[in-house]
Amino acid sequence: MLKSISCGGLRAEHAGHTVTLAGWVHRRRDHGNLVFVDLRDRDGVVQVVFNPDVAAQAHEAAQRLRPEWVAQVVGKVACRPAGTENPGLPTGQVEVFADQVTVLSESKTPPFYINEDGEVDELLRLKYRYLDLRRPHMRDLLLLRHKVVKFIRDYLDERDFAEIETPILIKSTPEGARDYVVPSRVHAGKFYALPQSPQQLKQLLMVAGFERYFQIARCFRDEDLRLDRQPEFTQLDLEMSFVDRDDILALIEGLYVSLVKVVAPQMRLRMPIPRLTYAEAMGRYGSDKPDLRFGLELADMTQTLRDTQFNVFRNVIAKGGVVKGIAAPGMAEASRRQTDDLISLAKTHGAGGLVTIGLSKSAASLDALAAEHVRSSAGRNLSVAEVHAMARLAGAKPGDLLLLAAGPANTVNNVLGQLRLHLGHQLGLADANELAFAFILDFPLVEWNEEEKKYDAVHHPFTSPRDEDWPLLESDPGAAKAKAYDLACNGFELAGGSIRIHRRDLQERMFKVLGYSPQQAEARFSQLLEAFNYGAPPHGGFAGGIERLVMVLSPGAKSIRDVMAFPKTQAGVDPLFGAPDVVEDKHLKELHIRIIES
Ligand code: ASP
């Protein structure tokens, strides 16, 4: 090794030792007489002192050092004189007096500071990702990711799971996105699809008798890259045989809770982990991945307002719609601009409008609420008694602002769910160092696709309905619930899975509900259907996003890209390699592909 110890590993106990260090020049301060160099390696930074009276040659050489040069230093560790320690640095008790320095490689001036945490344009960061990853907080994120994956492997290994790799070049295995395809050179006109997940493969491993499988699996989904998505990402993919739902939930809970305790002990875990049905989560939080770090629950006002004089609400209710609301704490005196912002947010999520009712904090209590305490955007159309009843339902106090939305239940839940999240963050109700997990259960099995006039699987086509819901598959598929579950945390979906269908006749029945003809089902899924002819065990599993998990464990990560070594931009471009790129005509010809200019 070109070093005897890491820069970041030096402590007071090493005082007196002669060490050889190697790393990057993080910072250099020339004090004329003394030159100070902060030398950085993967483990951290240590201060090196070059003193002309101790080593004249080394001092001379140190004057040439520039940020990001790679250098090897031989020197003696000493405790810093009292009063000059740096408590902000793990190596802050010591410094190294250099005897020799060797430049191992020089560096151009980097396009951005490595030694400062300033905002840097992300395109530039991705183009110079190898420099971006030198920044200590980025290094920490990737090392945390390593710890997460290592913990998962050890935890599952101890519980008799076998890690088994599955192919990347395969045939379509749908998770509701578009496939990436790879042309075959040998088989003209044919394509492989990259797996959206190893779903069918892990089920085949259950048929093969492995009983407990997992994989840290790369998944590929050609989605519109809106929001925080990446074309390829990593999942903990897992499958078990001879289990029911609660066995899998217990495994997930054990795994995630122990992982947090070991890998991110600074995070506060909310226990016990609640279990909500999908309907409950949507009704109370307007989301199937609710952020449970704060309350602000949606309150249903429909019954209270059935006979209201306020026509807008009465008409919505008469047509089968709902009126629901939330109470924004302390926002009764919100400015016009603030309420306009809330209204426009509601509208972007499909609301026709939003009724806002400020409850003046001059009311001594909710019971003392009178007309002069109410400032309503619906004027006097809602009576004080109605406002009072709604405030009670929403848990509002004088000083709060009631926000009411009316319309079809799905729209209203969604709108208020978005407002709830917005307010939670704006009012600082969510603690960044807290983790609030929740299991979401009893998802609908299918949902109606209005565009294509057919049912789509909510999870995927291999998910089993609840036993009692099989008869609904023909009579009312939309009412059937699935044996599917998600693990939500802080407003994200961290993992999802289901108990699968393991009988050929039932899987065929399910394909039929999803609009596949027997020929289509055979063409796409014959591998699974055929396997089910040979004794398939009851099985189920889940998959959890690794990037999301690392993100919730490290509130410093701003996007999913921050926890991937070499991510693509939001437009799906890799600025470092310049992918995607054109390929030579000769290559296209071999692949039997002609480009259509558009
Ligand atoms: N394959 C599913 C997914 O990627 C998870 C599962 O059902 O195991 O979402």
Side-chain angles (χ1 to χ4, degrees), residues 152 156 161 163-168 170-180 193-207 210-223 229-241 243-253 255-256 278 288-289 439-447 456-466 481-489 492-502 507 510 514 524-525 527-528 536-549 560:
I152 291 172
L156 293 174
F161 283 82
E163 182 171 5
I164 302 175
E165 285 180 81
T166 54
I168 296 295
I170 185 187
K171 187 163 144 167
S172 176
T173 169
E175 296 281 353
R178 218 175 273 121
D179 291 321
Y180 278 102
L194 305 185
Q196 293 185 31
S197 86
Q199 183 61 37
Q200 292 177 73
L201 295 155
K202 65 176 168 177
Q203 293 192 241
L204 293 173
L205 287 170
M206 293 304 105
V207 181
F210 281 95
E211 297 196 31
R212 290 178 165 225
Y213 142 95
F214 83 98
Q215 178 178 195
I216 305 296
R218 195 62 67 84
C219 304
F220 304 85
R221 298 184 190 175
D222 187 0
E223 294 178 289
R229 293 238 172 101
Q230 283 282 309
E232 53 181 304
F233 57 93
T234 308
Q235 285 190 340
L236 160 60
D237 192 50
L238 183 147
E239 201 74 5
M240 302 168 82
S241 293
V243 287
D244 64 25
R245 184 192 75 181
D246 286 352
D247 299 312
I248 296 180
L249 297 189
L251 179 88
I252 299 179
E253 176 161 338
L255 170 63
Y256 281 77
Y278 169 83
D288 61 359
K289 38 182 189 291
F439 282 114
I440 314 299
L441 311 172
D442 294 347
F443 281 82
L445 183 69
V446 294
E447 72 193 337
D456 289 336
V458 167
H459 191 46
H460 51 51
F462 319 108
T463 294
S464 175
R466 294 190 304 193
K481 302 268 192 297
K483 289 188 186 173
Y485 33 78
D486 274 359
L487 178 67
C489 182
F492 294 107
E493 178 195 324
L494 275 197
S498 60
I499 296 294
R500 328 296 184 187
I501 298 168
H502 71 280
Q507 185 64 67
M510 184 65 197
L514 298 174
R524 282 192 79 170
F525 303 113
Q527 60 284 349
L528 194 68
H539 61 284
F542 76 93
I546 296 293
E547 288 87 6
R548 278 260 167 274
L549 175 58
I560 192 170

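Every heavy atom of this structure was used, including side-chain atoms; hydrogens, water molecules and symmetry mates were not. One-based numbering, in listed order, for ligands and for the atoms of each.
An N or O contact shorter than 3.5 Å is missing between Asp237 and ligand 1 by distance. Ligand 1 has no N or O atom lying under 3.5 Å from any N or O atom of Glu239, backbone or side chain.
Here the protein heavy atom with the shortest distance to atom 9 (O) of ligand 1 is Glu175 OE1, 3.6 Å.
The ligand atoms of ligand 1 that sit less than 4.0 angstrom from a heavy atom of Lys202 are 6 (C), 8 (O). When each atom of ligand 1 is checked for a heavy atom of His460 under 4.0 Å away, the hits are 2 (C), 6 (C), 7 (O). Within the listing of ligand 1, atoms 4 (O) sit less than 4.0 angstrom from a heavy atom of Gln235. Distances below 4.0 Å separate heavy atoms of Gly497 from the following atoms of ligand 1: 6 (C), 7 (O).
At least one side-chain heavy atom of Phe161 sits less than 4.5 Å from a side-chain heavy atom of Met240. With contacts defined as side-chain heavy-atom distances shorter than 4.5 Å, the pair Glu232/Leu194 does not qualify. Side-chain contact between Ile252 and Ile248: present, with at least one pair of heavy atoms (C-beta onward) separated by less than 4.5 Å.
The residue among Gln203, Arg221, His459, Arg500 with a heavy atom at the shortest distance from atom 4 (O) of ligand 1 is Arg221.
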Verdict with supporting geometry, Tyr278 and Phe443, ring pair (Phe, Tyr, Trp, His ring centres under 6.0 Å): CA-CA 5 Å; Tyr278 169 83; Phe443 281 82; 5.2 Å; yes

Intermediate values then yes/no, salt bridge (charged side-chain N to carboxylate O under 4.0 Å, His left out), Asp486 and Lys289: CA-CA 8 Å; Asp486 274 359; Lys289 38 182 189 291; over 6 Å; no

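Screening Arg221, Lys171, Gln196 against Asp179 for a side-chain hydrogen bond (donor to acceptor under 3.5 Å, both in side chains) leaves a single residue, Gln196.
Contacts with ligand 1 closer than 4.0 Å are made by side-chain heavy atoms of Ser197 only, the backbone lying farther away.
Annotation for Pro198 and Asp237: closest pair CG-OD2, 3.4 Å, computed over non-hydrogen atoms.
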